[in-house]
J.: 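Dropping a structure here in structure tokens format, bear with me for questions.
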Amino acid sequence: MPVTRRLRTIGLLLPALAGLALLAGGVGFRVSEGMGLAALQETGHHRLDLYAGSLEREIDKYAYFPATLGLERDVLDLVSGRAPLAWGLNRYLERLNERAGTLSIYVLNRQGRVLAASNWNRPDSFIGEDLSYRPYFVEAAAGRQGRFFGVGTTRGEAGYYLSAPLSEDGAIVGVAVVKVSLEQLEQGWSTVEAPVLVTDENGVVILASVPSWKFTTLRPMDEPTRRHFDQTLQYNARPLPPLGLTPVSRIAEDAELVRLPRPPGGQLEETVFPVSGGFLAQTAPLHGTGWTMTVLSPVAQVTGMAWTRAALAAVGSAFLGILLLMWMQRRRHLHDLERKVEERTRTLRAAQDELVHAGKLAVIGQLSAGLAHELNQPLAALRTLSGNSVKFLQRGNLEAAQGNLERIAALVDAMGALTSQLKSFARKSSGAPRPVAVRRPIDNALFLLDQRLRRSGVAVHLDVPEEVTALCDPNRLEQVLVNLVANGLDALAGREDGRLALTARTEDGRVRIDVADNGPGLSADVLPRLFEPFFTTKEGAKEGGGGLGLGLAISAGIVRDFGGALTGANGPDGGAVFTIDLPAATPPTDPSATLAAVQAGDLICPTLPSPP
């Protein structure tokens, strides 16, 4: 009888145990899936920052091209009707296109007709075409910078168009257009584990890491919209089929679970598609454009882990039920059974923490290359300062050594702040002018070129009072100074008595910074073309190893943005003199404002010695 009653009791409890296991499995699946999706969502945000940064940098490489063509006299003469023949300009654009690696460069008159093009000698040349209907021409003709992604109507080649108005005497006389390819960026994206795509303002996929997604739509297209595209030829009559993205459930404002049909064939598609075809889709707008970037993170691993944990929860709950049954029958084993349950719970929690930590490490690993690049400059400065400190200590110059050590401490603090901001993929200067003591950017520029100055043996004379303050952005001013000092070192190459002089002064509400050398100076044929884009006198540039000759043109543009001017001339005693003219500013007199400016690196604290 006792055995019969025990079996009857077990039979009555089995359905309850099964229901408990199913309930625990369902709850475990939901909790585990939610935690996994939260971790995947955090990783997706970092991926969006990474991909968006790479796309912005790729486009920014060519942002100056259209505007700099407006500095070419031949271009203005052609679009103004003063030069009827464009043969020489065609050859110039052809060489420029080959050197810059763009798809095409062409110039249009005010009516939208192509007058000169880099593909002038090809059967599919743009010359003579009427492109006035293209949105990038409309924007530039209205005096704005044009940005447009489309498919060429001549060759059917997709690309990103950048346009700028060509102005003369305040009037727009034409438009310059540069077409660039983003295929190299897409090839880089194709190797990542999470597919990424970019849609334009029309919802058309224009960039994608999966080739078969390109020129599809995220939503079905109505007939009026299709007829509009046929008229504008923005996509050159591409069929634009729907991608087939099906929303499943939204888990955040910018994230939802979606499904996609598996694309036909291809090893790439097989590697990025889970068996279920499920993805976590996260979107973000791209600054300065009407585009939207979407990262599709496969959720198969999260779902699989959730099912595993659900099974563990179900088994655990069934096991707990069995333990309860055993407790009812054998009370003396209760203590041991509770201890085992606690051990298993701690193991599950530890495994869960390890998975979250591994996901964070994966994101940090993706950003490590950019962080290492940002640390190279302060590390080089630390090496220079530490070496100088040793020499000052050997000479007994404790004051100078103390100054260097304080600079080292400041650099270490800056590096510590940098490493604490891994979520910011790339720091960019705001570019907004503010009061800046020009001594600090000059010192920073000399530090950047310290090793080159030492190797060249060039003597540097510095006459920059600390109270000279200008309205500008310190980071961009430092960029201009590095370029001018580097050019001076190029001019002094091979001279044993080379000298560089950097002076700054305030005159009539303006700040003038002079960078002078005692080199051969500027020849008569170089002076008129000094700030022309793509013009250089360096032999390495002619052979393709010295850049595109944009240094001075870009520097002049930076200074012009501050309301100033950059000029070049020959000095009275020989050599070249470059002058930066900027609006003057009055340093803040409030002690708290002065301290904030010093901490921001805009002003130099007068109690700190300047570097040697």
J.: Between Y106 and E129, do the side chains contain a donor N or O and an acceptor N or O under 3.5 Å apart?
T.: no
J.: So, applying side chain to side chain contact (heavy atoms under 4.5 Å, CB included) with I513, which one of V559, D581, L481, L566 is it?
T.: L481
J.: Starting from the C-alpha separation in whole Å, work towards a yes-or-no answer on side chain to side chain donor-acceptor pair (under 3.5 Å) for S80 and E168.
T.: CA-CA 9 Å; S80 300; E168 186 176 34; 2.9 Å; yes
J.: Taking A516's backbone N and O only, do any of them form a donor-acceptor pair with D514's side chain (distance below 3.5 Å, no angle check)?
T.: no
J.: Taking all heavy atoms of G571 and all of V577, pick out the closest pair and write down the distance.
T.: CA-CG2, 3.7 Å
J.: Answer with yes or no whether the side chains of S104 and N119 bring together a donor and an acceptor at under 3.5 Å.
T.: no
J.: Looking at Y161, I'd like to know if the NZ or CZ of R134 sits under 6.0 Å from its six-membered ring centre while staying within 45 degrees of the ring's axis.
T.: yes
J.: Under the criterion side-chain contact (heavy atoms from CB on, under 4.5 Å), I'd like the reasoning laid out for M293 against L48: C-alpha separation, chi angles, the key distance, then a yes or no.
T.: CA-CA 7 Å; M293 175 170 285; L48 280 172; 3.8 Å; yes
J.: Is the Y92-W120 ring centre distance short of 6.0 angstrom?
T.: no
J.: Does some side-chain heavy atom of L286 sit less than 4.5 Å from a side-chain heavy atom of T292?
T.: no
J.: Side chain of N109, backbone of R113: donor and acceptor closer than 3.5 Å?
T.: yes
J.: Could you check whether any side-chain N or O of T469 sits under 3.5 Å from a backbone N or O of E467, counting only pairs where one atom can act as donor and the other as acceptor?
T.: yes
J.: Quick check against the 3.5 Å criterion: does N90 have a side-chain atom that pairs as donor or acceptor with the backbone of A117?
T.: yes
J.: Regarding S163 and E139, is there a side-chain donor-to-acceptor distance under 3.5 Å anywhere?
T.: no
J.: Has R495 got more than 12 heavy atoms of other residues, nucleotides or ligands less than 6.0 Å from its CZ?
T.: yes
J.: Salt bridge check: are D517 and R499 linked by an N-O gap of less than 4.0 Å?
T.: no
J.: With rounding to the nearest 0.5 Å, note down the distance linking OG1 in T567 to CG in L530.
T.: 9.5 Å
J.: In terms of side-chain geometry, is the basic nitrogen of R122 or D124 positioned less than 4.0 Å from the acidic oxygen of its partner?
T.: yes
